[in-house]
Each structure stands twice: as structure tokens, then as C-alpha cells.
Amino acid sequence: MADKIKISRTSEFEFGGPIGAFLLLFVIPGTVFYLLLTCNTEEASVLRIPGPLPPLETLWDTTAVTVLLAWISFQAILYMLPMGKVVEGIPLRDKTRLKYKINAFHAMVVSFLLAGVAFVLKLPLSYVYDHFLQLAVGAGFLALALSIFLYFKALAAPDSALAPGGNSGNPIYDFFIGHELNPRIGSFDLKYFCELRPGLIGWCLINLCFLVKEVELRGSPSLSMILVCAFQALYVMDALWNEECILTTMDIVHDGFGFMLAFGDLCWVPFTYSLQAYFLVSHPQELGTFAALCIVLINTVGYIIFRGSNSQKNAFRRNPADPQVAGLKTIPTATGKRLLVSGWWGIVRHPNYLGDLIMALAWSLPCGLSHILPYFYVTYFTVLLIHREARDEHQCMKKYGLAWQEYCRRVPYRMFPYIY
């Protein structure tokens, strides 16, 4: 049945089409490289070109690549172990459902226990800080190799397995966006595995290694470093604890698995999201108790909005009669589904994004106000979420039509109340 389904070519391009995709193949890795080089300078100014550039031969480190391969392999083993539960994803175009293992939180617990053992044994965890640039280059190389494999694998995939947005017929665009929706080797789902495990869990462990490096340099971790590591660990633990919810996100449902997601998962996330902790090692910041409490409050508010809105949405999707959401106002749609129009989702159309951005600000504030660099994440994330929100709006308009127009009329603000 799957082989008989014919999928139309992608007609709507994103990111500027093939030309934009081609440029991003260089701009995205270049941005990672630029940020890390800048962070290594004394001024840490994004307005100055960092220099002198390190010799090219120093950027490739076989040991660093071996460490990365060992880490990814370890996470793959944890993914395949018979722990956690197995759930079905949403129906695909051929009406089948893929099965997914839900055990990312277990993998994180095991990873942190082993990291604790490594710390007790006084293994050189500061290696990560000392070779961070080489690790980033290695991760970028592995992401590129994976992307090439994924593209050629997709050429042999049936039409029903191709991604709606990555089937343009242009090899550069499809390579970047992702040609196949859910590439698998047997039952091992490559996109789902990379989405949460190596990068997200690796992000937290990288932060831990930076904290260890700071202790080596100054005798104890700073309050700023503790807050950054704690906030980001909470965020990752929340994502992994609610792993099943990712099965309904655009990354899984709509986007193919190509360079954009492969590089994002394996290189961009662990090596740019950890930028605040990386910055604090070489640019220590004094943080008073009152300022720390204010930052904790900001992060708490963001987390309450983020988790509250996501939990409300997920509870409604699972069971609209659930007492938690049964009293909320809704709008019927032609698809048979209903749109929430009260609670968190009656304040703005994307309250989860609002909470995300408030938390992102809280992660940067411990780095002080004298440098722009630690605020790269919240700046980039604002642009990303506004772009993603526009994609969401476009998809919802196509799917729900008049019902979505009515929802937009009743909830006029997209992300920021009374602003946007």
C-alpha cells in the first residue's frame, strides 16, 4: 500500500528556497565556529572578528571525534535497551503508525550516574572545556556525514515515506530540509533518537564539565554557573520526562531528517546552548543574592507558563473530557477536532513559546549585562520561535480554515500579550 501512494512535490519553499538552503549550509556551521572563537577571546565581543584564527590542523582531533562516537554509541545502546515503554506515533499518510521507545529520561539518569562516577574517580572532565572547539568541529563533521547518508538513503525510500516539505526535487534544498520523514534502520528511528538524546543530554553534561573546570580554576563553582546549569538541567529533564509529547511536534510530524535537524541536534544544540556556561569559565561574573533571587523568579515564571500551557494542550489532546480541561472553551473545526480558546491558550496563541523565551532570558542574565555574547541564545531563540510560530500559523490555517480564523479573532496576540 505504501509504495502505491504518490506524494506531490513540495511547492512552498522555506528559508529562501534552494539558494537560502545552500547559504545556510555554510552560515550555520560558521556561526557555531564564530561564537566559540569569540567566547575564547578576552573581550568576548561579537562585534569584533576573533583572531588570530587557530591553524586548521589543530581543529581536527581524532581523540575528540572518538569521544563523540563513543558518546553517541552509548546513547544508542541505552535507546535500544528494554527499559521504558513503547508507544505509537500519530497516523502517517499510509494510515500506519510507527512505534517509539520512551526511555530518554532513563538514559539521562544513567548518563548522570556515570558522570558522577567519573567525577568521583577524578577523571579529566575538564577535557571537554579544553578541547571544546575540536569537539564542535568533530560534531559538525559527524552531522554532515549523517546528512549525506540520510539523503542517499531517502532516494531509495517509497514516496509515502518522504517528508511533505522536503520533496522539492532540488537536491540541495531536500538535502538541507530532509528528504525522508522518518528514516529508520530496522526499528531504530534515526530522527527520533537524535532529537532528544545525544545533543540534549550531552548539553547538560557539557555544562557539568564546565562547572568542574571552573572549580579547578577557582576552587568552587560560582553562583552564576550554578544557576545556569540548574536552569538548563531542569529544562532538559522536563523535555525528557515528557518525551512522548514530542511525537506531535512539527519536527517529528512534518519536517524531514536532513542537514538542518542533524546538524541542529548533534552540533548546534550542545555547542551553542551551552554558551553561557562556556562564557562563565573564562569570564566570571559576581552575582548578588537579590539579583540571583530575581533571576530564579524570572525562570520560575517562564517555566510555569511553559509547562502549564504544554500540559494543558497535551491533556486536551489525550482526553478532552479530562477534568483538568473539560471546562475550557473550545471552537469546533471541520476536521472533527476542537481548538482551545481559553486557559493558557486564550491569552496568546503560542503561550508555550512565551514561556520558553522568558526562561531563555533567565539563562543569560547570570552572565551579567556587559557582554552581548551570552544573550545570543535568547536572541536566536526569539527569531527561531517567531519563524516557527509563522510556520505553525500557516499549517493551522490550511488545516482548520475558518475555525482558525475565528480563533485568531478571539485570541489576537500570537506570543506576547498586547505586543505581538
Side-chain angles (χ1 to χ4, degrees), residues 35 38-39 43-47 200 203-204 206-215 217-242 269 272-312 343-345 347-348 350-386 389 413-420:
L35 290 172
T38 301
C39 201
E43 300 84 3
S45 173
V46 295
L47 303 179
L200 276 186
W203 169 22
C204 281
I206 286 172
N207 281 351
L208 176 63
C209 293
F210 292 163
L211 186 148
V212 170
K213 182 65 178 183
E214 188 179 53
V215 171
L217 293 174
R218 301 184 185 93
S220 62
S222 65
L223 181 55
S224 294
M225 180 69 80
I226 292 171
L227 288 183
V228 167
C229 292
F231 291 161
Q232 295 182 349
L234 171 65
Y235 184 79
V236 173
M237 286 190 290
D238 178 272
L240 302 186
W241 182 260
N242 296 282
V269 168
T272 65
Y273 286 20
S274 58
L275 195 63
Q276 291 96 343
Y278 189 51
F279 171 85
L280 287 171
V281 175
S282 54
H283 303 83
Q285 304 291 316
E286 292 294 329
L287 190 65
T289 303
F290 178 73
L293 290 175
C294 290
I295 294 172
V296 170
L297 178 61
I298 292 171
N299 192 74
T300 302
V301 169
Y303 181 75
I304 289 172
I305 296 172
F306 172 79
R307 177 44 40 214
S309 57
N310 276 322
S311 295
Q312 195 172 74
W344 289 109
W345 300 87
I347 300 173
V348 291
H350 303 275
N352 50 339
Y353 293 173
L354 174 62
D356 234 335
L357 288 176
I358 294 173
M359 286 190 291
L361 175 63
W363 301 353
S364 300
L365 288 173
C367 298
L369 301 173
S370 59
H371 291 81
I372 299 174
L373 183 64
Y375 291 84
F376 168 79
Y377 175 80
V378 65
T379 304
Y380 144 77
F381 213 51
T382 300
V383 174
L384 173 71
L385 291 183
I386 289 176
E389 170 270 325
Y413 299 105
R414 296 172 179 239
M415 286 173 57
F416 305 102
Y418 304 103
I419 299 175
Y420 174 72

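Checked by atom type and distance alone, the side chain of Arg218 pairs as donor or acceptor with a backbone atom of Val281 at under 3.5 Å. Distance alone, capped at 3.5 Å, places no donor-acceptor pair between the Ser309 side chain and the Trp344 backbone.
Nearest heavy-atom pair, Ser274 versus Phe210, reported as atom, atom and distance to 0.1 Å: O-CE1, 3.8 Å. Across all non-hydrogen atoms, the minimal contact from Gly288 to Leu223 is O-CD2, 4.3 Å.
Scanning for ring pair (Phe, Tyr, Trp, His ring centres under 6.0 Å) contacts around Tyr420 gives an empty result, with sequence neighbours left out. The side-chain contact (heavy atoms from CB on, under 4.5 Å) search around Pro417 returns Ile347, Val348, Leu354, not counting sequence neighbours. Remark: Leu369 pairs with Leu365, Tyr375 by the side-chain contact (heavy atoms from CB on, under 4.5 Å) rule, at least two apart or across chains. In terms of the side-chain contact (heavy atoms from CB on, under 4.5 Å) criterion, residue partners of Ser282 (sequence neighbours excluded) are, by chain and number, Tyr129. Checked against side chain to side chain donor-acceptor pair (under 3.5 Å), Thr38 has no partners two or more places apart in sequence or in another chain. Evaluation of the side-chain contact (heavy atoms from CB on, under 4.5 Å) rule for Val212 yields Phe119, Leu125, Glu216 as partners, not counting sequence neighbours. His371 is linked by a ring pair (Phe, Tyr, Trp, His ring centres under 6.0 Å) to Phe279, His283, counting only residues two or more places apart in sequence or in another chain.
Phe381 places a side-chain heavy atom less than 4.5 Å from the side chain of Leu357. Between Ile305 and Met359, every side-chain heavy-atom pair lies at or beyond the 4.5 Å cut-off. At least one side-chain heavy atom of Leu373 sits under 4.5 Å from a side-chain heavy atom of Cys39. Taking 4.5 Å as the limit, every side-chain heavy atom of Phe376 sits out of range of all side-chain heavy atoms of Val46.
Atoms CG and CG, from Leu385 and Asn352 in turn, are 8.5 Å apart once rounded to the nearest 0.5 Å. Taking CD1 from Ile226 and CG from Leu287, the interatomic distance works out to 10.5 Å, rounded to the nearest 0.5 Å. Taken to the nearest 0.5 Å, the CG atom of Leu361 stands 6.5 Å off from the OG atom of Ser364. A distance of 8.0 Å separates CE in Met415 from NE2 in His350, rounded to the nearest 0.5 Å. Distance check: Ile386 CD1 to Phe416 CZ gives 5.5 Å after rounding to the nearest 0.5 Å.
Among residues at least two apart or in separate chains, salt bridge (Lys or Arg N to Asp or Glu O under 4.0 Å) pairs with a member in residues 296-310 are Asp238-Arg307. Residue pairs meeting the salt bridge (Lys or Arg N to Asp or Glu O under 4.0 Å) criterion with at least one partner in residues 283-294, sequence neighbours excluded, are absent. For residues 223-232, every residue pair satisfying the side-chain hydrogen bond (donor to acceptor under 3.5 Å, both in side chains) rule, not counting sequence neighbours, is listed here: Trp203-Gln232, Asn207-Gln232, Gln232-Gln276. Counting only residues at least two apart or on different chains, the ring-ring contact (aromatic ring centres under 6.0 Å, His included) pairs with a member in residues 285-311 are Tyr235-Phe306.
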- request: Quick one: do Asn242 and Asn310 satisfy side chain to side chain contact (heavy atoms under 4.5 Å, CB included)? Show the steps, please.
  value: CA-CA 10 Å; Asn242 296 282; Asn310 276 322; over 6 Å; no
task: Test Cys367 against Leu280 for side chain to side chain contact (heavy atoms under 4.5 Å, CB included), laying out the working first.
output: CA-CA 7 Å; Cys367 298; Leu280 287 171; 4.0 Å; yes
Under 3.5 Å, which donor-acceptor pairs do the side chains of residues 291-301 form with other protein atoms, sequence neighbours left out?
from	atom 1	to	atom 2	distance (Å)
Asn299	OD1	Trp363	NE1	3.3
Thr300	OG1	Val296	O	2.7

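A donor-acceptor pair shorter than 3.5 Å cannot be found between the side chains of Ser222 and Gln285.
The aromatic rings of Tyr377 and Tyr273 lie perpendicular to each other, with more than 60° between the two planes, well past the 30° mark.
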